[in-house]
Amino acid sequence: MDVDIAEIAFYFTIVAFVFWETISPRRVLLQPTWLRWFNHFLLFLLNSFIYRWLAVGAFVVSDWYLAVQPWGLLNWLPLDDISLFIIGFLALDFWAYIKHRLFHAVPMLWRLHRVHHSDLDIDVFTSFRAHPAAMLVDNGLSIAFYYLLGTSPELILTYIAVVSCYDLFTHANIKIPAPIESLLSRLLITPDKHRVHHSIDYKEGNSNYSTIFVCWDKLFNTYTPEPALGVDAEVVGVKGFNGATEVWLPAMLSQPFRAASSSPVSTAKPQTTDTP
Ligand SMILES: [Zn+2]
Ligand SMILES: [Zn+2]
């Protein structure tokens with residue numbers, strides 16, 4: 001996929017979901033919108049620089065990668081290009097699931113990934129909320145898998161482009177009609193399903209790890225269809241890191257190196273608009 005087209009699609013998707021969130025929000029946000037957008041946008045700019053440099057600039061289009069790519073596992077399968085593309089796409093999504101579980105299971109990685117989970121609201125800008133060090137580790141693990149599989153640069157760029165837009169969708173604070181949500185969630189992770197993963201409840205927060213296809217959670221028994229309190233009353237965040245100041249960029253960057261706050265757990269309950 002052409003990088004320029006992918007970028008245009010990404011920015012168009014942001015605008016589309018922000019518009020959708022404005023006219024038909026799923027929940028009323030606890031924090032001022034301008035504060036969330038300002039800080040998460042700064043983090044987005046910082047991460048974009050790292051992401052481009054590492055994933056696209058240095059590896060995906062490098063001569064070195066192209067030279068060793070034909071030796072990867074996928075290229076040994078006696079399949080046509082379309083079958084290889086589909087299997088490769090599914091494999092990259094499976095690897096995203098495995099990486100996500102690692103970020104929760106390994107204490108050092110959880111400290112980095114916790115920054116994403118400590119958002120007190122979930123909207124399209126939550127998808128930008130990733131610590132730069134988490135991005136580095138995440139991209140490093142992705143690149144190792146590209147080498148193992150020998151995925152084509154076209155497949156890698158397509159998956160990155162699709163995931164970038166899909167992340168915006170799964171974090172969007174949008175109201176989706178119940179029949180459509182029900183239909184989509186049979187195959188895919190939807191915003192309601194990903195919000196379960198952001199629950200302050202430990203068990204719920206350790207479920208629904210899938211990025212695009214929900215089958216990985218169902219296969220490995222980590223699927224939670226709904227939060228115990230219900231979608232409307234679910235509280236998101238991380239205990240000990242749920243103060244109002246966690247939205248600021250310096251707090252996001254320093255959080256992995258800080259201990260949990262002893263301040264009481266926020267009792268603020270999200271308000272919701274009508275259920276879909
Ligand atoms: Zn997570
Ligand atoms: Zn998330």
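Just follow the structure's listing: the first ligand is 1, and inside any ligand the first atom is 1.
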**Request:** Return yes if a side-chain donor-acceptor contact under 3.5 Å exists between R114 and S118, otherwise no.
**Result:**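 The answer is no; no qualifying pair exists.
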**H100 atom NE2 and H104 atom NE2 as seen from the Zn ion (ligand 1), angle to 10 degrees** =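 It comes to 100°.
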**Asked** Taking the six-membered ring for Trp, are the ring centroids of H171 and H116 within less than 6.0 Å of each other?
**Response**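 Ring centres of H116 and H171 closer than 6.0 Å.
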**Asked** How about Y209 and H100: are their ring centres within less than 6.0 Å of each other?
**Response**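 Centroid separation for Y209 and H100: below 6.0 Å.
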**Item:** Under 2.8 Å from the Zn ion (ligand 2) - protein N/O/S, by chain and number
**Value:**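 For the Zn ion (ligand 2), the protein N, O and S atoms that sit under 2.8 Å away are H116 NE2, H171 NE2, H194 NE2, H198 NE2.
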**Item:** side-chain hydrogen bond (donor to acceptor under 3.5 Å, both in side chains) contacts touching residues 213-228 (sequence neighbours left out)
**Value:**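 Pairs touching residues 213-228 that pass the test: D93-W216, Y97-T222, S207-T224, S210-D217, D217-T222.
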**Message:** Holding to ring-ring contact (aromatic ring centres under 6.0 Å, His included), I want the full list of residues that pass it with F103, two or more places apart in sequence or in another chain.
**Reply:**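 Testing F103 for ring-ring contact (aromatic ring centres under 6.0 Å, His included), a comparison that skips the adjacent residues, returns H113.
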**Request:** List in chain and number order the residues that pass ring-ring contact (aromatic ring centres under 6.0 Å, His included) with F10, two or more places apart in sequence or in another chain; answer none if no residue qualifies.
**Result:**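 Per chain and number, F10 pairs via ring-ring contact (aromatic ring centres under 6.0 Å, His included) with F44.
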